[in-house]
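Only one structure is covered here, and it is reproduced in the block below.
Everything numeric in this text was worked out from a predicted model, so none of it was measured. Counting starts at 1 for both ligands and their atoms, in listed order.
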Amino acid sequence: MPSSPASASPHKRPPSASDPSSSSSSSSSDRRSSSPKPRLFLLLFLFIPAIIILLLASLLAPITGVTTALLPLSVTRLVHHHHPGHLSSSSSFLRQTRRLFSLHTTATMRRDKYEKELLVAQLAVQRAAILTKRVFHEKAKGTVDKNDKSPVTIGDFGAQALIIAALQHNFPDDAIVAEEESAKLREDEKLRSTVWELVKDTKLDNPDAEALLGGPIRDADAMVELIDKGNSPGGAQGRIWAIDPIDGTKGFLRGGQYAVCLALMVDGDVKVGALGCPNLPVDDAARLTAGIGENQTDDDGHGVLFSAVLGHGATSRPLATVSLDPELGTPISMRAIDDLTQANFCESVEAGHSSHGDQAAISHKLGITAPSVRMDSQAKYGSIARGAGDIYLRLPVSATYQEKIWDHAAGDLIVREAGGQVTDVHGKRLDFSVGRTLANNKGVVAAPLAVHAKVLEAVQEVLSAKL
Ligand SMILES: Nc1ncnc2c1ncn2[C@@H]1O[C@H](COP(=O)(O)O)[C@@H](OP(=O)(O)O)[C@H]1O
Ligand SMILES: [Mg+2]
């Protein structure tokens, strides 16, 4: 039969020398009134270390990445477990503290995931891609001369204005490095009104998403001013966005691959990247084919959005899927290559951007027989990141050319987050902290992590005379 609690029993147990609970003959009420100091001491003894732990954990969370939200909870449990009933007023204080710290920690974790930045980047790229696609279709219909550069100019200005508008609306204090500046638009009234006609009618068909980007730009003058906000010198400090509104202008003109590119760098390190590739297949499993660089359409089955956040992997999703969930998307990863001879290379279409001859010599050295796949733009980075291709080489042609940060920032992160390594031909990581160009780097070697060193070795052997 269960014994009744001592306090409820009318018969007190006789005191016993061996019973620690009866070492004193005083009653519990006596005990309550006679020893406040030890209890206070005990309280302080437990509380002060707990608060110090909470403070330290919270401060260290951004550095260590440790999930401290659980820590205050366990400290609370520990205190309650050892001193039930004595901490009621203090426990509400502790609970409040815990809530405060968890809120702070959750905010830190969100910040580390750059959720809002990712969402805005994805939507901004998607909206800008709608504009570029409209121009691409006009061009495909033959309404403009093939050698006329105006479609790409119109698309470039329009897409840049739309992306900057979204960034300014959401992150007004961030700096922006963008490819275009508005001088030409200010001089050319006709060009300005053509771009404005396109910009004013381009919106996402999801009203919440469109509202998040700040809705339409006010007028043509505001549009021109927005374009010039992309004039930051870049550098190693603070938050800087890099925009290439149409990367692969040559591809855009020839009806091949091009990309709308956006990346966020914080203190010179790329944290978020989004690449809209309107003419790539949606299907991640489709291997690259020789014809991928020409006569493309953005019909059904085409148009993919690659994204990545540093430390959180890379994903792809259809460019047409507008969602307020930044995590919607399929994780992508580079193809595991056991036998390098089975790998395939991609490179620029333009021999003036990357040496085709050196690339062929490197292929040969590695025993790769498949011809390289040539395509314009950062679509190359996206394609190897999802395993459609394996290796991307950009081999310097000119000794003086400096690569632009907007041509690489998003792609570099997406490949690294998909399990790849990206360096220059000297084996140095791309350095986005030195301004608008990659002044500290030469060329690009991007490959799955496991084979990167081997590929780099072959690159250096072939280029040894030039390096
Ligand atoms: N001599 C050169 N070497 C390497 N890249 C160059 C170059 N001249 C121009 N580019 C860059 O190459 C980019 C295109 O890369 P790709 O050849 O991979 O498609 C161009 O971007 P835009 O098309 O945005 O102008 C341009 O910035
Ligand atoms: Mg470019």
query = Is there an N/O/S atom in E179 that lies less than 2.8 Å from the Mg ion (ligand 2)?
reply =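 Looking at E179, which is the residue asked about, there is no N, O or S atom under 2.8 Å from the Mg ion (ligand 2).
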Looking at [Y] and [X], is there a salt bridge between them, counting it only when a charged N and a carboxylate O are closer than 4.0 Å?
X: D390; Y: R335; value: yes
X: D358; Y: K365; value: no
X: R239; Y: E117; value: yes

Just to be sure I'm reading this right: ignoring hydrogens, which of [options] gets closest to [atom]? Compare them by their nearest heavy atoms.
atom: atom 13 (C) of ligand 1; options: R374, E350, R394; answer: R394
atom: atom 20 (C) of ligand 1; options: T400, D407, L253; answer: D407
atom: atom 3 (N) of ligand 1; options: F252, Y401, W406; answer: Y401

Under 3.5 Å, is there a donor-acceptor pair between the [X] and [Y] side chains?
X: R134; Y: T202; result: yes
X: S323; Y: T321; result: no
X: D339; Y: T341; result: yes
X: S372; Y: E347; result: yes
X: Y258; Y: T132; result: yes

Which atom, counting only N, O or S, brings [X] closest to the Mg ion (ligand 2)?
X: D247; answer: OD1
X: D407; answer: OD1
X: D244; answer: OD2

Enumerate the atoms of ligand 1 whose separation from the nearest heavy atom of [X] is less than 4.0 angstrom.
X: I246; result: 24 (O)
X: D244; result: 24 (O)
X: S348; result: 16 (P), 17 (O), 18 (O)
X: S377; result: 16 (P), 18 (O), 19 (O)
X: G352; result: 1 (N), 2 (C), 3 (N)
X: T249; result: 22 (P), 23 (O), 25 (O)
X: K380; result: 16 (P), 18 (O), 19 (O)
X: E403; result: 4 (C), 5 (N)

query = Does the ring centre of Y381 sit less than 6.0 Å away from the ring centre of Y392?
reply =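 Ring-ring flag for Y392/Y381: true, centres closer than 6.0 Å.
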inquiry  = Residue-level breakdown please: for K250 versus ligand 1, do any non-hydrogen atoms fall below 4.0 Å on the side chain, on the backbone, on both, or on neither?
reply    = neither
task = Work out whether the distance between some heavy atom of E347 and some atom of ligand 1 is less than 4.0 Å.
result =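 Flag not set, E347 not near ligand 1.
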key: E179 near ligand 1 by a heavy-atom separation under 4.0 Å   = yes
request  = Mark yes or no for whether E417, through its side chain, and A314, through its backbone, hold a donor-acceptor pair below 3.5 Å.
outcome  = no
ask   = Are the side chain of K404 and the backbone of Q402 linked by a donor-acceptor contact shorter than 3.5 Å?
value = yes
